[in-house]
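Within every chain, numbering begins at 1; the chains are lettered A, B, ... in the order of the sequence lines, protein sequences first and strands thereafter. Keep in mind that what you see is a predicted model, and the values were worked out from it rather than measured.
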2 protein chains.
Amino acid sequence: MESSRARGSGTQSVYKTIRQEILTMALAPGSPLDEVRLSERFGMSRTPVREALLRLAADGLVTTLPNRNTVVSAIDFATLPSYFEALSLMYRATTRAAAMHRDAKLMEKVHARQRDFRKAVEDRDAFAMIEANRDFHVAIAELGGNGYYTSFFTRLLDEGRRILRLYYSTFEDRLPRQYVEEHEAIIAAIEAGDVDLCDRLATEHAAQIVRQIQDYIARDLRQPMDLAER
Amino acid sequence: MESSRARGSGTQSVYKTIRQEILTMALAPGSPLDEVRLSERFGMSRTPVREALLRLAADGLVTTLPNRNTVVSAIDFATLPSYFEALSLMYRATTRAAAMHRDAKLMEKVHARQRDFRKAVEDRDAFAMIEANRDFHVAIAELGGNGYYTSFFTRLLDEGRRILRLYYSTFEDRLPRQYVEEHEAIIAAIEAGDVDLCDRLATEHAAQIVRQIQDYIARDLRQPMDLAER
DNA sequence: TGTCGACAGTTTGTGTGCAAAAAGGCTGAC
DNA sequence: GTCAGCCTTTTTGCACACAAACTGTCGACA
């Protein structure tokens with residue numbers, strides 16, 4: 001068959017593709033992932049598909065029901081408070097770390113991500129904004145230089161992409177501009193090496209985001225809302 | 001063949017067994033894990049072995065070199081400072097959370113784990129002490145009720161099991177008794193719901209452990225030490 | 001009419017074969 | 001004696017086949 005595909009790339013490409021589709025909500029939570037159907041879609045056998053699903057399961061993005069099928073993991077609203085708590089903590093920890101480990105080269109990446117973010121806001125592109133915001137904070141985490149923080153934080157932010165997509169389908173431009181300014185303030189504080197200020201700004205920034213999501217949720221709850229996950 | 005094995009248990013049992021062997025250092029970092037050899041050892045085909053290795057790779061416990069073999073992940077001493085930082089943070093976060101979410105049933109589990117820990121210290125069993133200490137803090141994290149904290153912290157503590165095994169091969173009984181007392185103090189602070197005290201105790205407890213490991217490392221460095229991982 | 005059991009269909013879990021890729025050894029030339 | 005190139009060996013990545021397990025449906029019986 002197609003031996004054009006590089007040897008180790010099968011699993012990788014399936015993993016990346018499905019992961020992206022899950023995070024962008026192209027695959028809704030609860031969607032069944034059939035191994036045969038996926039293998040047909042990607043034009044390869046079940047084995048690499050299976051291995052990709054295994055990796056996604058390890059990431060917590062899909063849930064495999066033993067001897068049954070695999071589904072896209074549901075977003076559990078009951079754990080949202082825990083999520084916000086963990087997210088806030090990691091906002092603070094990574095931003096503090098960044099203020100302590102300044103590095104010109106990595107700092108430039110932070111600036112670049114902030115430019116992307118500003119552009120997304122100006123374009124009023126809600127989805128691009130979500131991605132850019134994530135990338136901005138990942139860049140800060142990498143600047144902080146603690147790999148444990150970076151991987152955990154990245155995981156949290158990715159889960160957040162799904163939550164945000166749920167509520168950002170319609171774009172409201174009141175708050176985003178404020179986010180741009182907060183990002184600028186955080187950058188300035190990092191460059192000044194002011195750890196305490198970073199901590200305060202990160203705390204406030206996290207609270208801002210949490211507040212906004214909670215507003216969206218509260219608004220949704222006033223409308224009839226289909227909570228059935230599957 | 002042996003159809004006696006339950007259908008879904010193959011991968012699971014291989015995963016659990018190898019994971020345990022890695023965490024207890026029965027499999028040294030850098031040890032090669034050959035799929036064929038493992039499949040012979042466990043009396044099954046390569047497929048379930050392969051899936052188990054994939055899960056271990058997702059946990060970061062093994063590293064798979066593409067198109068080559070997979071090896072037990074090395075312990076990277078360069079990242080130890082980051083590790084200690086993350087560990088300390090999670091000690092604090094989970095203990096604080098525990099003080100806020102008190103629960104009689106889960107609290108009893110904490111007491112039980114502390115009894116195990118005390119017994120391990122009295123028995124002068126270094127390895128049992130390592131396991132019991134991990135379980136004690138996991139129990140506190142579960143008491144805290146934040147699943148994100150629990151999973152990240154558990155992962156850190158498991159990685160710590162390997163590091164501690166490196167340095168606890170000979171048991172020194174100066175500090176352990178102090179750990180017992182510190183654990184007791186933490187339990188009391190949780191039961192009193194004193195968040196700030198929990199934070200201080202967790203910080204000090206973490207610093208204690210970090211200091212001890214660093215002492216071990218410093219002592220080792222004074223001797224000729226083979227740093228070659230493989 | 002409601003409930004239980006058997007059957008068929010679907011989907012996963014595992015076994016097996018083959019080919020690609022990398023490592024190490026061998027041979028030959030310089 | 002050393003180094004380059006080829007070949008062999010080892011091990012993985014993927015394809016495919018088969019059987020177990022679960023779901024849903026249909027029919028029989030109370």
Side-chain angles (χ1 to χ4, degrees), chain A residues 1-19 22 27-74 228-230, chain B residues 1-19 22 27 30-74 228-230:
Chain A
M1 328 283 169
E2 290 303 317
S3 64
S4 62
R5 198 174 71 245
R7 184 170 157 79
S9 73
T11 298
Q12 193 96 17
S13 78
V14 174
Y15 171 77
K16 280 188 182 171
T17 306
I18 299 183
R19 175 191 158 85
I22 292 175
L27 282 172
S31 304
L33 295 171
D34 182 77
E35 294 176 4
V36 179
R37 214 133 20 202
L38 288 173
S39 70
E40 286 167 358
R41 174 183 158 195
F42 288 100
M44 59 184 71
S45 98
R46 272 179 55 216
T47 309
V49 170
R50 202 176 156 71
E51 302 200 344
L53 289 181
L54 230 75
R55 289 179 53 186
L56 289 167
D59 291 344
L61 290 178
V62 305
T63 306
T64 136
L65 317 182
N67 285 320
R68 203 111 48 87
N69 60 354
T70 302
V71 298
V72 178
S73 294
E229 288 311 328
R230 45 163 181 183
Chain B
M1 349 264 160
E2 290 303 316
S3 65
S4 62
R5 198 174 70 245
R7 184 171 156 81
S9 73
T11 299
Q12 193 98 19
S13 77
V14 174
Y15 171 77
K16 281 188 182 173
T17 305
I18 299 183
R19 175 191 158 84
I22 292 176
L27 283 171
S31 304
L33 295 172
D34 182 76
E35 294 177 4
V36 182
R37 213 134 19 203
L38 288 174
S39 70
E40 284 167 0
R41 173 182 159 196
F42 288 100
M44 59 185 72
S45 96
R46 273 179 52 217
T47 310
V49 170
R50 204 177 154 72
E51 303 203 342
L53 290 181
L54 231 76
R55 288 178 54 186
L56 290 167
D59 291 345
L61 291 178
V62 306
T63 306
T64 138
L65 317 183
N67 284 322
R68 203 113 48 88
N69 59 355
T70 84
V71 298
V72 178
S73 295
E229 289 309 330
R230 48 167 175 175

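- Between the CG atom of A:Asn69 and the C1' atom of D:dG24 there is a distance of 14 Å, rounded to whole Å.
- When rounded to the nearest whole Å, the span between CG of B:Asp34 and P of D:dG13 equals 12 Å.
- A close approach under 4.0 Å does not occur between any side-chain nitrogen or oxygen of A:Thr64 and OP1 or OP2 of C:dT12.
- For the pair A:Glu40 CD and D:dC16 P, the interatomic distance rounds to 12 Å; values are reported in whole Å.
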Show me, pair by pair, the donor-acceptor contacts under 3.5 angstrom made by side chains of residues 32-39 of chain A, not counting sequence neighbours?
{"from": "A:Asp34", "atom 1": "OD2", "to": "A:Val36", "atom 2": "N", "distance (Å)": "3.1"}
{"from": "A:Asp34", "atom 1": "OD2", "to": "A:Arg37", "atom 2": "N", "distance (Å)": "2.8"}
{"from": "A:Glu35", "atom 1": "OE1", "to": "A:Arg46", "atom 2": "NE", "distance (Å)": "3.1"}
{"from": "A:Glu35", "atom 1": "OE1", "to": "A:Arg46", "atom 2": "NH2", "distance (Å)": "3.0"}
{"from": "A:Glu35", "atom 1": "OE2", "to": "A:Arg50", "atom 2": "NH1", "distance (Å)": "2.8"}
{"from": "A:Ser39", "atom 1": "OG", "to": "A:Glu35", "atom 2": "O", "distance (Å)": "3.4"}
{"from": "A:Ser39", "atom 1": "OG", "to": "A:Val36", "atom 2": "O", "distance (Å)": "2.7"}

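- Atom P of nucleotide C:dG13 and atom CD of A:Glu35 are separated by 6 Å, given to the nearest angstrom.
- Going from atom CZ of A:Arg68 over to atom P of D:dA20 covers 19 Å, rounded to whole Å.
- In this structure, CG of A:Leu38 is placed 11 Å from P of C:dT11, rounded to the nearest angstrom.
- Along DNA chain C, the nucleotide nearest A:Arg7 and the nucleotide nearest A:Asn67 are compared for position; the residue whose nucleotide lies closer to the 5' end is A:Asn67.
- Counting heavy atoms from C-beta outward, A:Tyr15 and A:Leu61 have side chains that stay 4.5 Å or more apart.
- With a 4.5 Å cut-off on side-chain heavy atoms, A:Leu53 and A:Leu56 count as touching.
- The main-chain N or O of A:Val72 is never found under 3.5 Å from a side-chain atom of A:Ser31 such that the two would form a donor-acceptor pair.
- A sub-4.0 Å separation between OP1 or OP2 of C:dT10 and a side-chain N or O of A:Arg37 is absent.
- If you check residues 44-57 of chain B against DNA chain C, the residues with a heavy atom closer than 4.0 Å are B:Met44, B:Ser45, B:Arg46, B:Thr47, B:Pro48, listed by number.
- Each of A:Pro66 and A:Ser9 has a nearest nucleotide on DNA chain D; the 5'-most of these lies closest to A:Ser9.
- In this structure, the separation between CZ on A:Arg55 and CG on B:Leu54 is 7.0 Å, given to the nearest 0.5 Å.
- Summarising the geometry, atom OG1 belonging to A:Thr11 is positioned 4.5 Å from atom CD belonging to A:Glu51; distances are rounded to the nearest 0.5 Å.
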